[in-house]
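In what follows, a structure is listed as structure tokens, so that the remarks can point back to it.
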Amino acid sequence: MAQRSVEIMDTTLRDGEQTSGVSFSSSEKLTLAKLLLEELQVDRIEVASARVSDGEFTAVKNITEWAETEGHLDRVEVLTFVDKGVSLNWMEQSGAKVQNLLTKGSLNHLTHQLKKTPEEHFKEIAEVIAQAESMGITTNVYLEDWSNGMRNSPDYVFEFLDFLTQQPVKRILLPDTLGILTHQEAFSFIHQIIKKYPNSHFDFHGHNDYDLSVANVMEALKAGCHGLHLTVNGMGERAGNAPLASVVAVINDFMPKITIGVKESSLYKVSKLVSAFTGFGIPYNKPIVGDNVFTQTAGIHADGDSKKNLYFNDLLPERFGRKRKYALGKTSGKANIQKNLQELGLTLNDEELKKVTERIIELGDKKERVTKEDLPFIISDVLDSELHPKRVIVKSYVLTHSKGLKPSTTLSIEIDGKTYEENAQGDGQFDAFINALKKIYQKEKVALPKLVDYAVRIPPGSNSDALCETIITWQTEEKDFTTRGLDSDQTVSAIKATEKMLNLF
Ligand SMILES: CC(C)C(=O)C(=O)O
């Protein structure tokens with residue numbers, strides 16, 4: 001089978017930065033440039049638009065200085081404009097050696113935005129290309145709005161390509177600027193072009209407005225394009241660009257004739273770093289890099305994974321430097337819990353597993369997300385409750401908290417089978433609860449242990465919204481002792497810790 005090598009150009013630092021609200025610092029750009037070229041091993045990167053700002057100039061200069069020492073200078077590209085050489089001078093001072101010249105790829109744009117004739121436009125472009133040649137700068141040319149051009153003014157596009165393919169241009173870059181192509185058009189337009197200009201290099205630059213960018217990239221490849229423009233996490237204008245990670249996986253799994261150099265195992269790391277630098281969160285369900293995409297939620301799936309990997313596809317998380325996870329919640333069941341216990345190195349007998357499962361389902365029913373890190377706390381709480389037969393049971397309570405009134409509690413508890421009820425106020429809901437409790441015990445002439453320390457925490461390592469743990473230290477004349485309560489509600493967790501105390505002192 002004849003293999004065809006395709007160039008991957010990452011434009012996270014240029015088009016990706018056009019995501020609304022995103023701006024990389026120059027040191028972030030340098031860090032990402034190194035990672036993209038050396039670790040992820042994309043072929044080329046587009047790092048900035050010329051003339052944008054002093055910060056962009058510094059960023060490009062830092063990148064080109066580093067790239068020159070490492071022999072990567074011809075892999076670093078800058079977007080430039082048809083502006084009588086102003087962009088080229090900017091580039092020269094920044095040390096960049098490859099320009100991606102932005103020209104008009106549709107008659108509509110040319111007529112209404114530049115208000116020029118094709119002849120005038122081509123003449124100015126030829127001048128910029130010649131000047132770049134004389135400066136030792138390589139030229140690639142973008143045909144902005146090319147996809148609309150192919151739909152509405154194909155004669156103009158072909159006239160333009162007739163001209164460009166006679167120029168010293170290394171690559172011709174075909175953007176679906178507004179993300180409007182269907183996959184049939186992506187194939188047909190590129191196929192026509194490659195057939196007519198078999199000796200030129202064509203890149204496809206897809207946008208994702210209809211969520212078709214990955215499909216369009218596949219069609220562009222089938223039609224014979226030589227390079228692709230992609231961004232990490234699909235960042236970019238509006239709905240973004242074609243996402244790097246998905247495209248890499250699709251090529252590797254479905255296009256055996258295409259060879260690319262990108263290292264799959266670094267995709268996740270780069271995705272996370274870009275997300276951290278931009279504050280642009282990765283959707284949980286984003287293929288390859290989203291938090292949830294390697295998580296089995298349904299118990300039946302976890303069960304099937306233990307029996308001949310029945311629910312695996314070719315997207316094994318390890319390929320991308322990730323691990324499969326098993327969610328804990330109301331649909332997870334024992335199989336998911338067992339998988340998490342195995343990872344934590346914990347074992348439970350059947351009865352214990354049943355109780356822990358019930359507890360997790362109870363939390364899941366309240367829409368709480370339970371994580372692996374929560375599990376030891378849940379186990380300890382469930383098993384601890386089993387250890388202490390309850391003499392005292394908190395049967396019911398009403399806690400009130402309203403503006404302008406003191407918090408209050410109505411409490412009903414059972415001690416050795418007898419029910420007691422009391423009301424009290426306090427400085428907070430828990431304080432009111434304790435005051436009601438004190439009233440009940442005072443009637444029985446029993447002094448309650450003194451509360452000497454109170455701490456609340458989310459179980460360490462857990463980033464779930466499921467649990468809150470309250471740890472209370474109590475003091476009697478004889479001893480200090482600690483009880484813990486676990487719940488999704490902070491006050492309830494404190495009440496659970498208190499109920500344990502009532503059964504211990
Ligand atoms: C600026 C241009 C090249 C672009 O990103 C596009 O047309 O999509």
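In listed order, ligands and their atoms are each counted from 1.
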Counting only nitrogen or oxygen atoms and a 3.5 angstrom limit, does E144 reach ligand 1?
no
Taking K104's backbone N and O only, do any of them form a donor-acceptor pair with H121's side chain (distance below 3.5 Å, no angle check)?
yes
Note: P118 and L107 closest approach over all heavy atoms is CG-CD1, 4.2 Å
Under a 4.0 angstrom heavy-atom cut-off, which atoms of ligand 1 come close to P175?
6 (C), 7 (O), 8 (O)
Only heavy atoms of L102, strictly under 4.0 Å: list the atoms of ligand 1 that pass.
1 (C), 2 (C), 3 (C)
Side chain, backbone, both or neither: which applies to D15 and ligand 1 if a contact is any heavy-atom pair less than 4.0 Å apart?
side chain
Protein contact of atom 7 (O) of ligand 1 - nearest heavy atom, named by residue and atom, plus distance:
T177 OG1, 2.6 Å
Which heavy-atom pair separates P317 from F294 by the least distance, and what is that distance?
CB-CG, 3.5 Å
To check you understand the geometry: which heavy-atom pair defines the closest contact between H226 and D203, and what is its length?
C-OD1, 4.3 Å
Does Q342 have more than 12 heavy atoms from other residues, nucleotides or ligands lying within 6.0 Å of its CD?
yes
Decide whether an N or O pair under 3.5 Å exists between D145 and ligand 1.
no
Kindly give the heavy-atom pair with the smallest separation between V217 and A242, and that separation in Å.
CG2-CB, 3.8 Å
Taking 4.0 Å as the limit for heavy-atom contacts, which would you say applies to E237 with ligand 1: side chain only, backbone only, both, or neither?
neither
Can a donor-acceptor pair be found, under 3.5 Å and without considering hydrogens, that links the side chain of K34 to the backbone of T31?
no
Judging by distance only, is a nitrogen or oxygen of D176 under 3.5 angstrom from one on ligand 1?
no
May I ask you to decide if V42's main-chain N or O and R75's side chain share a donor-acceptor pair within less than 3.5 Å?
yes
of all protein heavy atoms, closest to atom 8 (O) of ligand 1 is H207 NE2, 2.9 Å
So the atoms of ligand 1 within less than 4.0 Å of a heavy atom of Y142 turn out to be 3 (C)
Using non-hydrogen atoms of the residue, decide whether Q18 is closer than 4.0 angstrom to ligand 1.
no
Structural part of R14 in contact with ligand 1, heavy atom criterion under 4.0 angstrom
side chain
